[in-house]
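Working notes, beginning with the structure itself.
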There are 2 protein chains.
Amino acid sequence: MSAISITGESTEMYLKSIVELEMLTAPPVAISHLAQRLGVSSPSVLEMVKRLAVQNLVTHTPYKGVSLTERGRRRAMAVLRRHRLWERFLVDALHLPWETVHDYACQLEHATAPAVTDALAAFLGNPTACPHGNPIPDAVGDVQPSVAVPLLELPVGQSARLAHIIYEEAILLEYLARRGLVPGARLMLEDIAPYQGPLMVRVDGSEHPAALGREIAARVFVLPD
Amino acid sequence: MSAISITGESTEMYLKSIVELEMLTAPPVAISHLAQRLGVSSPSVLEMVKRLAVQNLVTHTPYKGVSLTERGRRRAMAVLRRHRLWERFLVDALHLPWETVHDYACQLEHATAPAVTDALAAFLGNPTACPHGNPIPDAVGDVQPSVAVPLLELPVGQSARLAHIIYEEAILLEYLARRGLVPGARLMLEDIAPYQGPLMVRVDGSEHPAALGREIAARVFVLPD
DNA sequence: AAAGATAATTAGGATACCCTAATTTAAGGA
DNA sequence: TCCTTAAATTAGGGTATCCTAATTATCTTT
Ligand SMILES: [Mn+2]
Ligand SMILES: [Mn+2]
Ligand SMILES: [Mn+2]
Ligand SMILES: [Mn+2]
């Protein structure tokens, strides 16, 4: 019975998912969204959330949702840091494909001691962003805020450069990679179909324009020219 | 319900511990030895062993012990391979201390997908031994046999070179590191005290001779001159 | 061969996560 | 205000892994 609470893999995934959801929708985070992200049932999430609340990692407001406590946020940022450092390693050192590293890093992130994290960061030259453009929290858990805007909010006709992709997921990353939509890519929003229709995006170097649903366009952030 | 049985961390540690014990004492491996190595109770081990037997990973002979099946051995070697590759990475690339990497690798070994393992091996130049001298199984699970002998069996007065240290453990590695007993070190067995007493070993570059208990001397392998 | 010591096994529980099937609550529209 | 619907919660289970306290088998030693 050690006083140092060992954060297990499950706990870490819950905390990480909560920060990720906070960047997508306004807090508090809904139980059902967490359930969807984690691929477990709502009752399971609720139960786990109660456990996390007891450990002072989250606050749960019944029928409203979940928020991270300061303690919880620190833990979550630490996981995010490890995740993104590993992604950099997998791409830069091991030369694994951009779209595949997210899942691999999701395993490694829970198996990395602090000393290893620090040494890994140094080995990589203290990078500031993951291969998908998202900022790597520093050792204290701080991130520099992004000025990029969701592609969804770009005015039609505007050209921009892809900055980062949030709420990372293998399927999404594969989809985007196949269309050349990686950080740094130059693009122009050609059109937005009405009635929640897709966005037509011209990607520099691609033959045809890409059609992106709104769900996706809300996750792709760009820097307008 | 996927047909591919996902080997969990616990299962992997059991399998790895069994191969490790097989190199120290003659098979089958005793339940109590496994319990000691894993830091769990004997009833827990027995229960788990039964689960492993159902999955065709081990054979259990009541009151005798456990042996790996071919399937089990392959899995175990895969874990050992990942473990030792990570150790190399942690020492060679991250420059972490020789004595500390074993524990870190013990976490990473369970979180490494096949594609990552392969890429890591390539990145490291397909090394053939871990920092503690033990052979890294190849992608198929084969290891080249060692011709080194236990220090315990060295004749008094014989000088030799340290080859590898088996049944790795943080405490042991620290102890040995502090005395300069790392692979490649030159040494001479000065004396063996009677009545299960310690071995006096002169280590090249060290002031005083080191006194090693027999437990330890059975785990340190050397190549006589 | 009987006793003692040691290891293995059985019995009975606990905890962390996860699930499905109700049931209840909250929120928005009629 | 009442109704509908979606989300949240409660009820009742399940599995993997671990534990302690008996009990039993095996091996050693007298
Ligand atoms: Mn993960
Ligand atoms: Mn990423
Ligand atoms: Mn391990
Ligand atoms: Mn090693």
For residues 38-48 of chain A, which residue pairs pass the salt bridge (Lys or Arg N to Asp or Glu O under 4.0 Å) check, not counting sequence neighbours? none
For residues 166-178 of chain B, which residue pairs qualify under salt bridge (Lys or Arg N to Asp or Glu O under 4.0 Å), counting only residues two or more places apart or in two chains? B:Glu169-B:Arg219
Proximity to DNA chain D (any heavy atom under 4.0 Å), residues of residues 21-29 of chain B only: none
My understanding is that only residues two or more places apart in sequence, or in another chain, count here; which of them pass ring pair (Phe, Tyr, Trp, His ring centres under 6.0 Å) with A:Tyr14? none
Could you name each residue pair satisfying side-chain hydrogen bond (donor to acceptor under 3.5 Å, both in side chains) that touches residues 144-154 of chain B, not counting sequence neighbours? none
Which pairs count as salt bridge (Lys or Arg N to Asp or Glu O under 4.0 Å) when at least one residue sits in residues 53-63 of chain B, sequence neighbours excluded? none
Taking side chain to side chain donor-acceptor pair (under 3.5 Å) as the test, write out the residues that go with B:Arg88, two or more places apart. B:Asp92
Strictly below 4.0 Å: does B:Lys50 bring a side-chain N or O up to OP1 or OP2 of C:dA8? no
Can you tell me how far C1' of D:dA22 sits from CG of B:Leu46, to the nearest Å? 15 Å
What is the distance from CG of B:Leu34 to P of D:dT17, rounded to the nearest Å? 14 Å
Give every residue pair that meets the salt bridge (Lys or Arg N to Asp or Glu O under 4.0 Å) criterion with at least one member in residues 20-33 of chain B, sequence neighbours excluded. B:Glu20-B:Arg37, B:Glu22-B:Arg73
Heteroatom pairs (N/O) under 3.5 angstrom, protein to nucleotides 4-7 of chain C:
none

Below 3.5 Å is the cut-off: list the nitrogen or oxygen pairs between protein and nucleotides 14-21 of chain C, distance only.
from: C:dC17; atom 1: OP2; to: A:Arg51; atom 2: NE; distance (Å): 3.3
from: C:dC18; atom 1: OP2; to: A:Tyr14; atom 2: OH; distance (Å): 3.2
from: C:dC18; atom 1: N4; to: A:Glu47; atom 2: OE1; distance (Å): 3.1
from: C:dC18; atom 1: N4; to: A:Glu47; atom 2: OE2; distance (Å): 3.2
from: C:dC19; atom 1: OP2; to: A:Ser41; atom 2: N; distance (Å): 2.8
from: C:dC19; atom 1: OP2; to: A:Ser41; atom 2: OG; distance (Å): 3.0
from: C:dC19; atom 1: OP2; to: A:Ser44; atom 2: OG; distance (Å): 2.6

Please list, chain by chain and in numerical order, all residues satisfying side chain to side chain donor-acceptor pair (under 3.5 Å) with A:Thr117, sequence neighbours excluded. none
Kindly write out the residues that satisfy side chain to side chain donor-acceptor pair (under 3.5 Å) with A:Glu190, not counting sequence neighbours, or none if the list is empty. A:Arg202
